[in-house]
Amino acid sequence: MTEVGVVAGYDALAEVYEWLISDAKLAPAEFAASFDDVLRLLPSNAHVLDCSCGTGQLAVGLAGLGIQVVATDASEAMVRRTAELAEEFGASVRTVRADWEELPDHFDDATFDMVFCVGNSLHHAVGARGRVAALESMSRLLRRGGRLVLTSRTWELVRARGSRLNISDRLVRRNGRDAVVVYRWEIAPLWEEEHHIEIAVAQVDAAGSVLVRSELLSCWPYRYDELEVELRRVGLRTEISTFNPEAENYMVVAGR
């Protein structure tokens with residue numbers, strides 16, 4: 001954990017993360033295409049940062065469009081897998097292991113035209129203080145007129161459902177192997193308290209053997225209204241929001 005608070009994780013899940021990505025976004029080109037409306041806002045010769053790159057599908061997809069891309073993540077294993085995916089696709093992607101608060105140590109202010117923080121990542125920042133510190137780092141790296149693109153779970157829905165176990169109702173096939181994906185949610189009594197998500201990927205081979213990789217992740221949920229206030233606090237104004245209290249996820253595009 002860093003001084004202000006971003007919890008690293010996903011080192012175990014990095015090896016099986018593709019089972020957690022939807023079929024529609026597994027191919028880098030398709031992942032990037034899901035942001036077509038946002039990408040139209042970019043200038044020519046744009047510089048873009050994916051600061052929660054995971055295994056690199058978005059970063060590699062953006063590079064395939066001719067965009068200059070840097071990919072960062074708090075997990076060394078995720079950064080390694082992003083570099084491997086970039087090599088597989090012949091994509092030019094610079095990779096750096098850094099959590100959000102470390103970003104200004106690696107990049108000058110006003111370096112990027114767009115910063116992506118997608119894949120429901122921001123809840124890993126420790127509480128409101130850690131979240132604002134993360135958003136401040138992202139905001140600093142944006143050029144005047146640049147935009148932050150953020151996607152999030154609708155935590156109002158997550159908390160309303162309480163602690164629970166979610167087991168996928170079908171096998172997910174990746175790399176010739178099938179797996180069952182399990183999410184175990186530990187919902188704390190209060191919003192500001194630490195919550196937990198345990199994610200397990202149980203791979204089943206042709207002989208019936210099962211290999212399980214799992215990780216217990218800490219998270220600090222936030223209300224949509226809180227996020228809006230925090231974005232304004234770091235100098236960003238919401239231009240696009242798909243927030244719907246009854247939808248599972250939403251996207252916010254905030255300009256500097």
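Since the model is a prediction, treat every value here as computed from it, not as a measurement. Quick note: numbers below take in every heavy atom, side chains included, and nothing from hydrogens, waters or symmetry partners.
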Closer than 3.5 angstrom, by distance alone: can the side chain of Glu215 be matched with the main-chain N or O of Ala12 as a donor-acceptor pair? yes
Would Trp155 and Val252 show up in the same hydrophobic cluster when neighbours are defined by side-chain heavy atoms closer than 4.5 Å? yes
Could you walk me through whether Gln57 and Lys25 pass side chain to side chain contact (heavy atoms under 4.5 Å, CB included), step by step? CA-CA 8 Å; Gln57 276 73 17; Lys25 293 184 177 181; over 6 Å; no
Taking all atoms of both residues into account, what is the closest heavy-atom pair of Thr154 and Pro245, and its distance? CG2-O, 4.0 Å
Any salt bridge linking Glu18 with Arg81? Criterion: basic side-chain nitrogen under 4.0 Å from a carboxylate oxygen. yes
Separation between CE of Met138 and CG of Leu231, rounded to the nearest 0.5 Å: 9.5 Å
Indicate whether any N or O donor in one side chain lies under 3.5 Å from an N or O acceptor in the other, for Glu101 and Ser137. no
Flag, side chain of Arg256 to backbone of Leu236, donor-acceptor distance under 3.5 Å: no
Backbone N/O of Val79 and side chain of Thr95: donor-acceptor pair under 3.5 Å: no
Taking all non-hydrogen atoms of both residues into account, name the closest pair between Phe112 and Leu49 and its distance. CD2-N, 3.7 Å
Check whether any side-chain N or O of Thr111 sits under 3.5 Å from a backbone N or O of Leu141 as a donor-acceptor pair, and report yes or no. no
How close do Thr82 and Gly54 get, counting heavy atoms only, and between which atoms? OG1-O, 2.8 Å
Got Thr238 and Glu228 here, is their nearest side-chain heavy-atom distance under 4.5 Å? yes
Rounded to the nearest 0.5 Å, the CG atom of Leu135 sits from the CG atom of Leu150 at a distance of 7.0 Å
Row check, Trp191 ring normal vs Arg159 NZ/CZ: under 6.0 Å, within 45°: yes
Tell me whether Thr55 contacts the main-chain N or O of Tyr17 through its side chain, where contact means a donor paired with an acceptor under 3.5 Å. no
For residues Val149 and Val69: do they belong to one hydrophobic cluster (side chain heavy atoms under 4.5 Å, members Ile, Leu, Val, Met, Phe, Trp, Tyr)? yes
Angle between ring planes, Tyr224 versus Phe243, binned at 30° and 60°: parallel, tilted or perpendicular? parallel
Working note: Leu62 + Phe31, criterion side chain to side chain contact (heavy atoms under 4.5 Å, CB included); need CA distance, chi angles, decisive distance, verdict. CA-CA 9 Å; Leu62 294 174; Phe31 203 137; over 6 Å; no
How long is the straight-line distance from SG of Cys53 back to CZ of Arg97, given to the nearest 0.5 Å? 11.0 Å
Can you check whether Met78's main-chain N or O pairs, donor with acceptor, with Asp73's side chain at less than 3.5 Å? no
Electrostatic pair Arg170:Asp23 at N-O distance under 4.0 angstrom: yes
Between Arg131 (side chain) and Ala134 (backbone), is there a donor-acceptor pair under 3.5 Å? no
If you look at every heavy atom in Ala59 and Asp50, which pair is closest and at what distance? N-OD2, 3.8 Å
Less than 4.5 Å apart, any side-chain heavy atom of Trp100 and any of Thr72? no
Is a salt bridge present between Arg184 and Glu186, judged by a nitrogen-to-oxygen distance below 4.0 Å? yes
Ring centers of His124, Tyr10 separated by less than 6.0 Å: yes
Intermediate values then yes/no, side chain to side chain contact (heavy atoms under 4.5 Å, CB included), Val234 and Val132: CA-CA 7 Å; Val234 301; Val132 170; 4.1 Å; yes
Using the rule that two of Ile, Leu, Val, Met, Phe, Trp, Tyr join whenever any of their side-chain heavy atoms come within less than 4.5 Å, decide whether Leu41 and Val115 are in one cluster. no
Determine the minimum heavy-atom distance between Leu39 and Ala32, stating which atoms define it. CD1-O, 3.6 Å
Hey, are the side chains of Leu157 and Glu248 touching, using non-hydrogen atoms and a 4.5 Å cut-off? yes
Do Val201 and Gln203 have side chains that approach each other closer than 4.5 Å (heavy atoms only, starting at C-beta)? yes
Do Asn175 and Trp19 touch side chain to side chain, with heavy atoms closer than 4.5 Å? yes
Ring-ring centroid check Trp220 His195, cutoff 6.0 Å: no
Can we say Arg233 and Glu230 salt-bridge, meaning some charged N sits less than 4.0 Å from an Asp/Glu carboxylate O? no
Got a donor-acceptor contact below 3.5 angstrom from the Ser152 side chain to the Asn120 backbone? no
Calculate, to the nearest 0.5 Å, the distance between atoms CZ and CG belonging to Arg153 and Leu122 respectively. 12.0 Å
Residue pair Ala46 / Ile67: nearest heavy atoms and the distance that separates them: O-CG2, 3.8 Å
According to a hydrophobic-cluster definition based on side-chain heavy atoms being under 4.5 Å apart (Ile, Leu, Val, Met, Phe, Trp, Tyr only), do Leu58 and Met114 belong together? yes
Would you say Val48 and Leu42 make side-chain contact, with heavy atoms under 4.5 Å? yes
When you check the gap from the basic side-chain N to the acidic O, do Glu84 and Arg80 get nearer than 4.0 Å? yes
Atom CD1 of Ile187 and atom OG of Ser163: how far apart are they, to the nearest 0.5 Å? 5.5 Å
Do Val16 and Arg174 have side-chain heavy atoms sitting under 4.5 Å apart? no
Expected output: side-chain Thr151 to main-chain Val118 donor-acceptor under 3.5 Å: no
Start with the C-alpha distance between Leu20 and Tyr183, add both sets of side-chain angles, then the distance that settles side chain to side chain contact (heavy atoms under 4.5 Å, CB included), and finish with yes or no. CA-CA 10 Å; Leu20 306 180; Tyr183 287 79; 3.8 Å; yes
Evaluate His196 against Glu198 for side chain to side chain donor-acceptor pair (under 3.5 Å), listing each step before the verdict. CA-CA 7 Å; His196 293 98; Glu198 184 174 14; over 6 Å; no
Pairwise side-chain contact, Val182 with Ile199, heavy-atom cut-off 4.5 Å (strictly under): no
So, does Arg237 use its side chain to make a donor-acceptor pair with the main chain of Gly255 at under 3.5 Å? yes
Should the pair Glu156-Arg223 be classified as a salt bridge under the 4.0 Å nitrogen-to-oxygen rule? no
